[in-house]
Amino acid sequence: MTGYGRVAPRAVALFIDLVLIGVVTSIISGVLGTDSHGVVASVISWLYFAVQESSGWMATLGKRTMGLAVQGVDGRQLSFTQASIRWVGRWASSLALGFGYLLALFTDRRQTLHDLIAGSVVVQR
């Protein structure tokens, strides 16, 4: 394996992250009395990914569990703006039946569409 993360650990990490976001969103939405599939869920998801991936951890809880980190293609820690662009790029990756995620199978650095948009790469720690 090269220094770049494999696809399966990334999928498991995303599953962990989505479960955690779902739990937090449900709790907050219940307290606020709002629908968890709207603005609350989007804000929580954005902050969850952007704050953690731009932090010194360079990874969400799911990625840390799987021994992965996100960094710029230059090897540096992502800025909050870059991590936010990466999060927005997930929407593009999800379009067309997840084709943007499937790009990881065909790129040398296992980059998804949102990685390419943000200039990031997921690496094995």
Side-chain angles (χ1 to χ4, degrees):
M1 176 174 106
T2 65
Y4 303 107
R6 292 187 180 174
V7 176
R10 287 182 72 169
V12 173
L14 181 59
F15 177 77
I16 292 167
D17 290 332
L18 293 178
V19 168
L20 292 172
I21 290 168
V23 169
V24 171
T25 299
S26 295
I27 291 169
I28 291 174
S29 294
V31 169
L32 297 177
T34 62
D35 180 9
S36 66
H37 298 289
V39 175
V40 173
S42 293
V43 170
I44 289 170
S45 175
W46 163 57
L47 290 174
Y48 178 88
F49 283 99
V51 168
Q52 291 184 79
E53 290 178 350
S54 65
S55 74
W57 291 320
M58 297 170 57
T60 60
L61 292 170
K63 286 181 187 71
R64 285 187 280 160
T65 299
M66 298 307 297
L68 303 172
V70 183
Q71 62 187 31
V73 292
D74 59 2
R76 295 183 183 179
Q77 180 177 333
L78 298 182
S79 67
F80 182 77
T81 300
Q82 193 176 12
S84 294
I85 290 168
R86 187 173 189 273
W87 180 82
V88 170
R90 288 181 196 283
W91 293 100
S93 288
S94 298
L95 296 175
L97 303 174
F99 174 74
Y101 285 98
L102 293 177
L103 280 178
L105 298 172
F106 305 104
T107 58
D108 290 340
R109 292 177 142 187
R110 302 292 184 224
Q111 289 172 287
T112 59
L113 180 59
H114 53 277
D115 287 320
L116 295 170
I117 290 170
S120 62
V121 64
V122 176
V123 296
Q124 188 78 40
R125 286 199 180 234

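A quick note: this is a predicted structure, and the numbers were derived from the prediction, not measured.
- What you find for Gly56 and Arg125 is that their closest heavy atoms are O-NH2, 4.5 Å.
- When the side chains of ILVMFWY residues are joined at heavy-atom separations under 4.5 Å, either directly or via intervening members, Trp57 and Trp87 end up in two distinct hydrophobic clusters.
- At most 12 non-hydrogen atoms from other residues, nucleotides or ligands lie less than 6.0 angstrom from CG of Leu97.
- Both Leu32 and Val43 sit in one connected hydrophobic cluster of ILVMFWY residues. Membership requires side-chain heavy atoms under 4.5 Å apart, directly or through other members.
- Among all heavy-atom pairs drawn from Glu53 and Ala83, the shortest one is CB-CB, 4.3 Å.
- Scanning both residues, Val40 and Ser29, for their nearest heavy atoms gives CG1-OG, 3.7 Å.
- Side-chain contact check for Leu61 versus Leu20: some heavy-atom pair is nearer than 4.5 Å.
- A cation-pi arrangement is absent between Arg86 and Phe49 under the rule of less than 6.0 angstrom and at most 45 degrees off the ring axis.
- Note on Leu47: it does not cluster hydrophobically with Val19, by side-chain heavy-atom contacts below 4.5 Å among ILVMFWY residues.
- Annotation for Gly62 and Asp17: closest pair N-OD1, 2.7 Å, computed over non-hydrogen atoms.
- To the nearest 0.5 angstrom, Thr65 atom OG1 is 4.5 Å from Ile16 atom CD1.
- The backbone N or O of Ser55 sits less than 3.5 Å from a side-chain atom of Gln77, completing a donor-acceptor pair.
- Taking 4.5 Å as the limit, some side-chain heavy atom of Ile44 sits within range of a side-chain heavy atom of Ile21.
- Trp46 is linked by a side-chain hydrogen bond (donor to acceptor under 3.5 Å, both in side chains) to Ser84, counting only residues two or more places apart in sequence or in another chain.
- Pairing each heavy atom of Gly72 with each of Leu78, the nearest pair is N-CD2, 3.5 Å.
- The side-chain heavy atoms of Asp115 and Arg110, taken from C-beta on, include no pair separated by under 4.5 Å.
- Taking a 6.0 Å sphere around CZ of Phe99, one finds it holds 12 or fewer heavy atoms contributed by other residues, nucleotides or ligands.
- When side chains are defined from C-beta on, His114 counts as touching Tyr101, because their heavy atoms get closer than 4.5 Å.
- Between the CD atom in Gln82 and the OG atom in Ser120 there is a gap of 6.5 Å [rounded to 0.5 Å].
- Residues Val12 and Leu18 share a single hydrophobic cluster, defined by chaining ILVMFWY side chains whose heavy atoms lie under 4.5 Å apart.
- Partners of Arg64 according to the side-chain hydrogen bond (donor to acceptor under 3.5 Å, both in side chains) rule, which considers only residues two or more places apart in sequence or in another chain, are Gln52.
- A heavy-atom distance below 4.5 Å is not found between the side chains of Arg109 and Val122.
- Looking only at side-chain heavy atoms (C-beta outward), Leu68 and Val123 stay at 4.5 Å or farther from each other.
- Across all non-hydrogen atoms, the minimal contact from Ala92 to Ile117 is CB-CD1, 4.2 Å.
- In this structure, Thr107 contributes its side chain and Gln111 its backbone to a donor-acceptor pair below 3.5 Å.
- Two residues are said to be in side-chain contact when any heavy atoms from C-beta on lie closer than 4.5 Å; Tyr48 and Val24 fail this criterion.
- The hydrophobic clustering, which links ILVMFWY residues whose side-chain heavy atoms are closer than 4.5 Å, places Val70 and Val88 together.
- Taking OG from Ser93 and CG from Leu116, the interatomic distance works out to 8.5 Å, rounded to the nearest 0.5 Å.
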